[in-house]
Amino acid sequence: MARAAASQSNLESDQADEGKSALIDATDLETKELNGQLRELMLSGVKKVNITNVCGQRYIGTRLYTPEHLKMEIEIFGTPGNDLAAFLYGHKITVHGNAQDGVGNTMDGGEVMVKGRSGDVLGFSMRGGEIYVRDNCGYRTALHMKEYEDKRPVLVVGGNSQDFLGEYMAGGIVIVLDLHGRTHKANFIGSGMHGGVIYLRGNVEQSQVGGQVDISPIDESDRAVLDKFISRFVQHFPEVGKSKDEILNSQFVRLTPKSKRPYSNLYAY
Amino acid sequence: MPRIRRELYSKEICACSIFGAMNRDSERFTGAGVMKAIANMHVRGNGLGGGFAAYGIYPQYKDYYAFHLMFTGKSPQAKLSAKKELDAFLCQKFDVVYDEEIPHGDEATVSDPPLVWRYFVLPKKQGEDPSLSDEDYIVENIMLVNTRIENAHVFSSGKNMGCFKGVGYPEDIGEYFMLDKLYSAYAWTAHGRFPTNTQAWWGGAHPFSLLDTTIVHNGEISSYGTNRWYLEMYGYACTLQTDTEVIAYAADLLMRRQKLPIEIVAKILAPPIWDAIDQMNEKEKKLLTTLRMVYAPLLMNGPFALIIGQTGRMIGLTDRIRLRPITAATRGEMFYLSSEEASIRLISPQLDRVWTPNGGEPVIGELNSMRKVLQ
């Protein structure tokens, strides 16, 4: 059960503007207890929480929806469990370490930074906000990512991706920088893709991408998009040791769907 | 008709958990860390099966085959009568050098435990075909026990290794068999079960094993029927009511009897799709096409992540498009495989390397001593 978090946590007053901050030691806390504490803290007016000794607790940041759009900043030390930032509603989460599967599942808004690698289904069904992963990511990244009107999710990965990147992707922007490699090894990129755009630094073969995907060179408007989000990437991860220009001055390709409705004729006789 | 209001299922519907830890310098360690690690993935299972395989635990009997037997039945009498029948069979076919009940904790802590016994044996071949190897003889007789003797099941049969399993969360099963106190192994694998298609019973928990090969598995083998039919032609009887059993027998057939290397076996169990084969060079194309044709009935369809344990080796493998997770990591001489990275970090916060292997590509940890012999 969620305990009275404020009494348990080490509350300390921060600079006046920033609001209150707090610390949670997640040792032996269950998923529900940890997320309960986070919610209590947010409702009591805390703006920033550091969580230490995180080890596999799931859904961190998920239960933080309020009709008033309360916002919180969360720093995670350790290894958060699956579905970190699922349904995230405008909060900011930084992970000092690796993340597991399902980061940003159906995330609605806010920002997630992973100072390490991420597992499978990163950004699954994401519909808003931004995710930055410093190192590699697993299978099925950005699976069915989508966009609507002004909500356009952004996902930037510093390393490489494994297979099925952007599978069934319906919207949003995915950027894979592959900073330590030159050619992407993933296969089935953009299988079933019918919206959004994937930018890959370096090159990719036609055989690696789904049949309904066009590979094209980037133009000036693409360059502006890349400029904006790569700037943020290098700001978040100075330890990568690369400048924005250094990264931008490489070859990029753009992957876009040939059709918005690739299966429109499949079931229509 | 009025709709019946259903209770909300209070348990999160999830998946199995698998974990493995190996010291490549052959240093042995207790099951305590592995129990802690698999318990960290508690929510993946539902308490209907847990188990462990441990390698290097019987150095004093290392030249004998260690049989772990499970005697089920409704009453203590039924269990004892199954044991009596088994004892008679065993004495006829094997030299039993030592046997005892496997020590365990309070029976009230687990549900409906069978009588679990271990026997250290050597084959007593009489008038058999002289070309029959000890191991073939043992497999043949295990199949006889499992199909002919009611309520008796051999669930572990290798040298200097053993499986421990039952119905419960893996940490409870580990505690029941006191794996943190009584045993030291250079490699441990562990499993927390979330049964999907078959009922939970002690024999249906993972690992599944034959001789020194053990399997812990997360996923579902939808090709079970085909695989089972094929393996039956080679004398393997599937009696344990769980799909994972076929992987253990397939591994025995391919690796022990046909002596294929794991790299090839991985391509049989989880072959690349035809489109990928079309992209390969002629030599690879020929090999993989041949494998797919010769071994089509051993293709394991459906999602899986599994850890294969063998003497001196621990192998991680997923289906070709990795529909179930596996994370590999190393720290010094330690090699880890897990469904989730957090479980590895719990017992080894610092890691030298962490990665998620590609689907269908095996990750192999081998004892350094074995590696030297092979080289």
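Because only heavy atoms are used, hydrogens play no part in the values below, and waters and symmetry mates are left out as well, while side chains stay in. Just so it is clear: chains get the letters A, B, ... in the order the sequence lines come, proteins before strands, and each one is counted from 1.
Taking a 6.0 Å sphere around CG of A:Asp28, one finds it holds 12 or fewer heavy atoms contributed by other residues, nucleotides or ligands. Residue-environment remark: NZ (B:Lys286) stays at or below the threshold of 12 foreign heavy atoms within 6.0 Å. By the 6.0 Å contact criterion, NZ on A:Lys258 is enclosed, its count of non-hydrogen atoms from other residues, nucleotides or ligands being greater than 12. Environment of CD in A:Gln251: crowded, with over 12 heavy atoms of neighbouring residues, nucleotides or ligands closer than 6.0 Å.
Residue B:Asn358 touches chain A through both its backbone and its side chain, counting heavy-atom pairs closer than 4.5 Å. For B:Arg324, no part lies near chain A; criterion is any non-hydrogen pair under 4.5 Å. Residue contact with chain B, scored on non-hydrogen atoms closer than 4.5 Å, involves the side chain of A:Asn82 exclusively.
Atom CG of residue B:Leu346 and atom CG of residue A:Asn53 lie 10.5 Å apart, to the nearest 0.5 angstrom. B:Ile273 contributes atom CD1, which lies 3.5 Å from atom CZ of A:Phe188 (distance to the nearest 0.5 angstrom). We find the CG-CZ distance between A:Asp163 and B:Arg320 to be 12.5 Å, quoted to the nearest 0.5 Å.
A:Asn98 is listed as a side-chain neighbour of B:Val354, based on a closest heavy-atom distance under 4.5 Å. Contact annotation: the side chain of A:Arg117 approaches that of B:Thr356 to within less than 4.5 Å [non-hydrogen atoms, C-beta and beyond]. Using a 4.5 Å cut-off on side-chain heavy atoms (C-beta onward), B:Ile321 and A:Arg140 make contact. Using a 4.5 Å heavy-atom threshold, the side chains of B:Gln279 and A:Glu205 count as separate.
At distances below 3.5 Å, not a single donor-acceptor pair connects side-chain atoms of B:Arg345 with backbone N or O atoms of A:Val54. Looking at A:Gln100, its side chain does come within 3.5 Å of a backbone N or O of B:Ala342 through a donor-acceptor pair.
Across all non-hydrogen atoms, the minimal contact from A:Asp101 to B:Pro325 is OD2-CB, 3.4 Å. Considering all non-hydrogen atoms of both residues, A:Cys55 and B:Asn40 come closest at O-ND2, 3.3 Å.
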